[in-house]
Amino acid sequence: MDIKYEVKTSDKLGRYLVAAKDIRAGEKILAEQPFVLGPSSDTSLVCFNCYLPLINKFFVCKFCAVAPICPGDGCPEGIAKWHVQKECDFLRELKLNINMSPIKMVQNVGSLLTLRALLQRDNKSWDNFMKLETHLDQRRNSSVWEYYQSTVNFISELKLLNDDEDKNLVQKVCAAIDVNSFEVRGPPIPALGYAETLRGVYLQAALMAHHCTGNTIISINDNNALMCHASKDIKKGEVIYYNYTDPLKGTALRQEHLLMGKYFQCTCERCLDATELGTHMSSALCPACKTGFITKSGEKWQCHHCKEETDDSVIGFKVKCCQNKLDVINKKDEKELEEYIRNVSLVLAPNHYLLIDAKQRLAGVLRDAINREPRPTKKMMRRKLNLCDELLPVLEVLSPGISRTKAITMYELHLAIVQLAKKEFDSREITGPKYLDELLNAEKHLKRSIEMLLIEPGNSPEGELCAKALEQYRMLKGTMATILDGIHEEGKVYVTEIDEERLNDVD
Ligand SMILES: C[S@@+](CC[C@H](N)C(=O)[O-])C[C@H]1O[C@@H](n2cnc3c(N)ncnc32)[C@H](O)[C@@H]1O
């Protein structure tokens, strides 16, 4: 087998993966099935078999008479089923021995994943699961320990564990899940489209260390198999990193997430750089000179331009106000988002994570409006185009190489360019060659987007976008060929205005 990585250990990272050979961007590094998968601890009620939400009513598995499952015709065909024989047998025994009721199980659905993990104690991979980092000592006596006490109590009622088993085993399993699991999209809810978020533990992928820009991209298909690809070239011996956090959050928020959930302080280049690799994602505008960006150092913020210092409390308060405002505005409303961006741009740096968040949402609102309205305006298209143009350089720095968000943004950028150019051409604002020029530009973004989306599983939303992008590409080529024919027929000298090399691409 072609093993691309090896496991190493260090005092700082614990176990981690390094490249056993040179790996190219886009190359698959590993693929695996989950050791255990289930709803998160704060889940609402879901079907034990297929993870669709059970909203108004549910049936009970007719074999064990305990597990809540989909009502009516049962779980839809074609999606993975997870109420396996072993679990069904275990629950049936409980029904017979302690008269376990379905309601008890419903009340403890947040403990299902832990129960599923504990039912795997005879699995050959159990020891590897138990070797995962848990940070149990840091969790002991903390609020999270307290939080999982209800799971400990529930499991002890099931008489699943022997007296001689580690009395903290349940807490340890909860910790192993918290520290090592990946978010998994549940099956799409018919008519609503969105899905529950599940958690899955993948024993090899869990060993990847964290880095805030990472060098891999993870995708999980609807059979819940995980695939890890290199997002950029990785040289033999280099650490294979996965970004545990949201790259579009500022350093303070990413650090808080890592410290609270993964119990370590990240010391990557981005975290150590107050400008966040020059993006100024957490910077504010200097209240003194109003042009420079100020970044935090200790308890003070200093302007990179006029060197003026401002107290942390002053900037902290401003950022909090901007955050609070974003929390309450209607994020589906174009005008409210525009007003927010206008006002907050007077206080924070243009790429501050709050502005990036608002700009991404606005681009989405405009996309929906352009698709929905019979006569979308050029102003809307231009605004969407500018927003994508603004977002891309930031994404390029924060998620170098292959990135899902970048692929989607490039797809949207291409669409805005095509739609705007068509409208301008139809209203004779631009000539045929200029139109062709715009389409060639759009094609460049579309091609790059497709290259990145090709690694996505076909049945995921991103895989579906990839299929749509390929169809767009085919149509774009057709349009470009037609325009070129028109230009040739008119016998105009236009062609000479266009870069010869790019024209060759058209055929
Ligand atoms: C998902 S586990 C990774 C596997 C783990 N190293 C092991 O041996 O089981 C996450 C844990 O690895 C360690 N870790 C990962 N990335 C790190 C980093 N960049 N700096 C410090 N510790 C890190 C932390 O202990 C973290 O809680």
Side-chain angles (χ1 to χ4, degrees), residues 5-20 29-30 32-38 40-41 113-114 117 120 123 125-140 142-145 148 168-169 171-184 197-218 220 226-228 230-232 234 237-247 249-273 276-277 398-400:
Y5 59 88
E6 53 186 320
V7 181
K8 294 213 165 174
T9 307
S10 78
D11 287 347
K12 180 179 170 188
L13 301 177
R15 285 172 304 152
Y16 61 102
L17 303 186
V18 294
I29 299 176
L30 61 87
E32 62 176 326
Q33 285 290 334
F35 168 73
V36 66
L37 178 90
S40 54
S41 60
L113 180 53
T114 310
Q120 303 258 44
N123 183 315
S125 299
W126 172 257
D127 287 349
N128 284 340
F129 174 61
M130 280 286 94
K131 268 196 243 154
L132 290 174
E133 180 60 79
T134 57
H135 296 284
L136 209 59
D137 287 341
Q138 278 152 283
R139 290 166 70 99
R140 210 183 295 273
S142 71
S143 55
V144 76
W145 190 273
Y148 281 117
N168 286 327
L169 184 61
Q171 285 283 0
K172 197 171 171 189
V173 168
C174 296
I177 292 169
D178 279 355
V179 175
N180 297 282
S181 61
F182 287 82
E183 277 191 2
V184 179
T197 302
L198 310 172
R199 310 231 42 120
V201 178
Y202 296 84
L203 295 173
Q204 286 304 299
L207 297 183
M208 278 189 283
H210 161 83
H211 191 284
C212 289
T213 53
N215 54 16
T216 58
I217 177 163
I218 299 277
I220 297 177
L226 174 147
M227 248 175 330
C228 171
S231 57
K232 52 187 194 180
I234 307 174
E238 280 179 2
V239 180
I240 300 175
Y241 286 115
Y242 173 61
N243 186 353
Y244 299 178
T245 64
D246 179 352
K249 291 269 181 285
T251 295
L253 290 179
R254 294 194 319 282
Q255 295 253 354
E256 186 185 306
H257 168 81
L258 293 170
L259 207 54
M260 299 286 290
K262 309 289 174 181
Y263 304 93
F264 70 92
Q265 174 130 32
C266 183
T267 52
C268 74
E269 299 86 316
R270 179 176 172 191
C271 283
L272 297 179
D273 174 5
E276 303 204 25
L277 308 176
L398 301 181
S399 303

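Atoms within each ligand, like the ligands themselves, are counted from 1 in listed order. All values derive from a computational prediction rather than experimental measurement. Along the sequence shown, residues are numbered consecutively beginning with 1.
Nearest protein heavy-atom contact of atom 2 (S) of ligand 1 is N180 OD1, 3.2 Å. Among protein heavy atoms, atom 8 (O) of ligand 1 sits closest to R15 N, 2.9 Å. H210 N, 2.9 Å is the protein heavy atom nearest to atom 16 (N) of ligand 1. The nearest heavy-atom contact from the protein to atom 24 (C) of ligand 1 is F264 CD2, 3.5 Å. Looking only at protein heavy atoms, the nearest one to atom 10 (C) of ligand 1 is Y244 OH, 3.4 Å. Looking only at protein heavy atoms, the nearest one to atom 27 (O) of ligand 1 is K262 O, 2.6 Å.
Inspection of the K232 and T216 side chains reveals no N or O donor paired with an N or O acceptor under 3.5 Å. A donor-acceptor contact closer than 3.5 angstrom is absent between the side chains of R139 and Y148. Between Y5 and Q204, the side chains place a donor N or O and an acceptor N or O closer than 3.5 Å (distance only, hydrogens not considered).
Listed by number with element, the atoms of ligand 1 under 4.0 angstrom from any heavy atom of E133 are 5 (C), 7 (C), 9 (O), 25 (O). Shown in contact with H135 at under 4.0 Å from a heavy atom are these atoms of ligand 1, numbered in order with element: 24 (C), 25 (O), 26 (C), 27 (O).
For atom 23 (C) of ligand 1, the choice among V7, L13, L132 with the nearest heavy atom turns out to be L13. Remark: among candidates C212, C268, A206, A209, the nearest residue to atom 4 (C) of ligand 1 is A206, based on non-hydrogen atoms.
Judged purely by atom type and a 3.5 angstrom limit, N243 has no side-chain atom pairing as donor or acceptor with the backbone of G214. In this structure, H210 contributes its side chain and Y244 its backbone to a donor-acceptor pair below 3.5 Å. In this structure, the side chain of Q171 engages the main chain of W145 through a donor-acceptor pair within 3.5 Å.
Salt-bridge annotation for K262 and D178: absent, with no side-chain N of the basic residue lying under 4.0 Å from a carboxylate O of the acidic one.
Remark: of the listed residues N180, V173, N123, V173 is the sole one forming a side chain to side chain contact (heavy atoms under 4.5 Å, CB included) with F129.
Geometrically, ligand 1 and Y263 share no nitrogen or oxygen pair separated by less than 3.5 Å. Between K131 and ligand 1, no N or O atom pair is found at a separation short of 3.5 Å.
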Requested in this report: Please report the C-alpha distance between F182 and Y242 in whole Å, then the side-chain angles of each, then the deciding distance to 0.1 Å, and finally whether the ring pair (Phe, Tyr, Trp, His ring centres under 6.0 Å) criterion is met.
Outcome: CA-CA 11 Å; F182 287 82; Y242 173 61; 5.4 Å; yes
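Contacts between V179 and ligand 1 below 4.0 angstrom, taking non-hydrogen atoms only, involve backbone and side chain alike.
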